[in-house]
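Following: one structure in structure tokens, then a few remarks.
Heavy atoms only: backbone and side chains are in, while hydrogens, waters and symmetry mates are out. Every chain is numbered from 1 and lettered A, B, ... according to where its sequence line falls, protein lines coming before strand lines. Please read all numbers here as calculations on a predicted model, not as lab measurements.
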Protein chains: 2
Amino acid sequence: MLTSKHQHLQAEPCPVARAVDVIADRWTLLVVRDAFDGKRRFGDFQRGLGIARSMLTDRLRNLVAAGIFEVKPASDGTSYQEYVLTSKGSQLFPLIVAFRQWGERHLFDEGEAYSQLLETASGEPLELMSPTTVNGRTIRPEETTVRKVR
Amino acid sequence: MLTSKHQHLQAEPCPVARAVDVIADRWTLLVVRDAFDGKRRFGDFQRGLGIARSMLTDRLRNLVAAGIFEVKPASDGTSYQEYVLTSKGSQLFPLIVAFRQWGERHLFDEGEAYSQLLETASGEPLELMSPTTVNGRTIRPEETTVRKVR
DNA sequence: CAGTATCCCTCAAGATACTG
DNA sequence: CAGTATCTTGAGGGATACTG
């Protein structure tokens with residue numbers, strides 16, 4: 001059996017540390033990205049990513065164990081399985097969008113083509129996400145504090 | 001010299017893939033988190049994270065090379081350096097907040113304590129970030145499409 | 001204090017072959 | 001097609017010692 005990750009961060013009181021421990025792995029994040037893009041089958045992920053089969057097996061297992069994917073019987077009647085996002089998994093959408101928006105802004109040359117995320121109905125790109133106060137005002141990092149433990 | 005990362009994703013047209021390639025590494029993300037928490041010195045990061053010195057050297061080097069940190073002379077007059085977020089680095093704030101908010105909601109038991117991010121002035125936690133259309137309406141993953149290349 | 005230089009060991013990762 | 005099993009390589013990562 002392939003090993004899972006270190007896990008030592010799961011005892012941390014910082015939610016960032018725990019979240020990083022669960023999903024901040026290159027293959028894991030790309031699998032989740034593809035799931036938001038509608039992929040569900042082992043072969044869909046495997047071909048799209050060019051990931052080694054054993055790696056994909058490992059990542060899918062971890063994602064299911066983490067409650068991010070759930071396994072369902074294949075919708076086409078074959079005896080295989082589909083990996084679909086749970087509610088917990090779907091709530092990773094803002095995280096994937098945050099990766100995307102930062103990448104769009106900072107990792108492409110002027111005029112260089114990139115794949116874009118659009119609102120299907122309007123064809124418009126999304127608004128740039130930013131943290132806001134409860135009143136809806138955009139907040140800058142310097143205006144925030146971490147309260148150590150609650 | 002310690003090696004940098006694979007880099008093969010930097011040719012990808014998907015901004016998520018490129019961004020993942022640059023920053024989706026456990027230590028890298030925790031260093032950036034600490035930078036938002038005000039840390040600037042090698043020793044600050046090292047003690048806070050318990051990271052091996054050589055690992056920290058490698059991560060800081062990569063972060064500077066990626067334009068996320070810039071090196072400045074120490075503000076206390078010593079001959080050492082400080083690592084401060086550039087504008088590009090500061091724009092990772094929504095990403096870190098996305099990790100935090102997902103972690104808060106899904107990786108702590110009911111009533112379990114966690115370190116919280118607050119608006120300093122009001123003491124209030126931030127609003128839950130979510131992707132919106134240009135009109136400000138919250139959008140769900142199923143309402144979006146990736147347009148392959150532009 | 002802020003790094004650099006080694007050493008060493010585990011594990012991540014790909015390649016390949018096999019199975020129901 | 002959807003995995004599992006095995007093998008090998010090299011990178012990730014910690015520990016320790018050294019340097020300006």
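When side chains are defined from C-beta on, A:Pro13 does not count as touching B:Tyr114, because their heavy atoms never get closer than 4.5 Å.
Under the 3.5 Å distance criterion, with hydrogens and angles disregarded, a donor-acceptor pair is assigned to the side chains of B:Glu127 and A:Thr132. Counted by atom type alone, B:Gln46 and B:Arg53 present zero donor-acceptor pairs between their side chains at under 3.5 Å. Judged purely by distance below 3.5 Å, without hydrogens or angles, the side chains of A:Thr145 and B:Thr120 pair a donor atom with an acceptor atom.
For the OP1/OP2 pair of D:dG3 and a distance below 4.0 Å, the side-chain nitrogens and oxygens of A:Tyr83 include at least one atom meeting the criterion.
Comparing the axis of the opening five pairs of the helix from C:dC1-D:dG20 to C:dG20-D:dC1 with that of the closing five pairs yields an angle of 40°, rounded to 10°.
Here the options are A:Arg47, A:Arg40, A:Arg41, the test is salt bridge (Lys or Arg N to Asp or Glu O under 4.0 Å), and the partner is A:Asp44; only A:Arg47 passes. For the salt bridge (Lys or Arg N to Asp or Glu O under 4.0 Å) with B:Glu119, the lone residue among A:Arg140, A:Arg137, A:Arg147 that qualifies is A:Arg137. When each of A:Val22, A:Leu85, A:Ile68, A:Leu29 is tested with A:Leu92 by the rule side chain to side chain contact (heavy atoms under 4.5 Å, CB included), just one qualifies, namely A:Ile68.
Distances were taken from every side-chain heavy atom of A:Thr57 (C-beta onward) to each of D:dA2, C:dA13, D:dT4; the shortest belongs to D:dT4. Of the candidate nucleotides C:dA13, D:dG13, D:dG3, D:dG13 has the atom nearest to the side chain of B:Arg26. Here the nucleotide nearest the side chain of B:Ala52, chosen from D:dG13, C:dG3, D:dG14, is D:dG14. The nucleotide whose nearest atom lies closest to any side-chain atom of A:Asp25 is, among D:dG14, D:dA2, C:dA13, C:dA13.
Atom CG of B:Leu30 and atom P of D:dG12 are 17 Å apart (whole Å). Straight-line distance from the CG atom of B:Asp58 to the P atom of C:dT6: 16 Å, rounded to whole Å. Look at CD1 on A:Ile51: it is 14 Å from P on D:dT4, rounded to the nearest Å. With rounding to whole Å, B:Arg59 atom CZ is found 15 Å from C:dT4 atom P.
The stretch residues 32-46 of chain B does not touch DNA chain D, since none of its heavy atoms comes less than 4.0 Å from the strand.
Both the sub-6.0 Å distance and the 45° axial angle are satisfied by A:Arg18 relative to the ring of B:Phe108.
Along DNA chain C, the nucleotide closest to A:Trp27 and the one closest to A:Tyr80 are compared, and the more 5′ of them pairs with A:Trp27.
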Just the atom pairs and distances: protein N or O near nucleotides 16-18 of chain C's N or O, under 3.5 Å.
none

Requested in this report: Go through the steps for B:Trp102 and A:Leu95 under the test side-chain contact (heavy atoms from CB on, under 4.5 Å), then give the verdict.
Outcome: CA-CA 8 Å; B:Trp102 187 80; A:Leu95 181 72; 5.8 Å; no
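Aromatic ring centroids of A:Tyr80 and A:Phe42 lie 6.0 Å or more apart.
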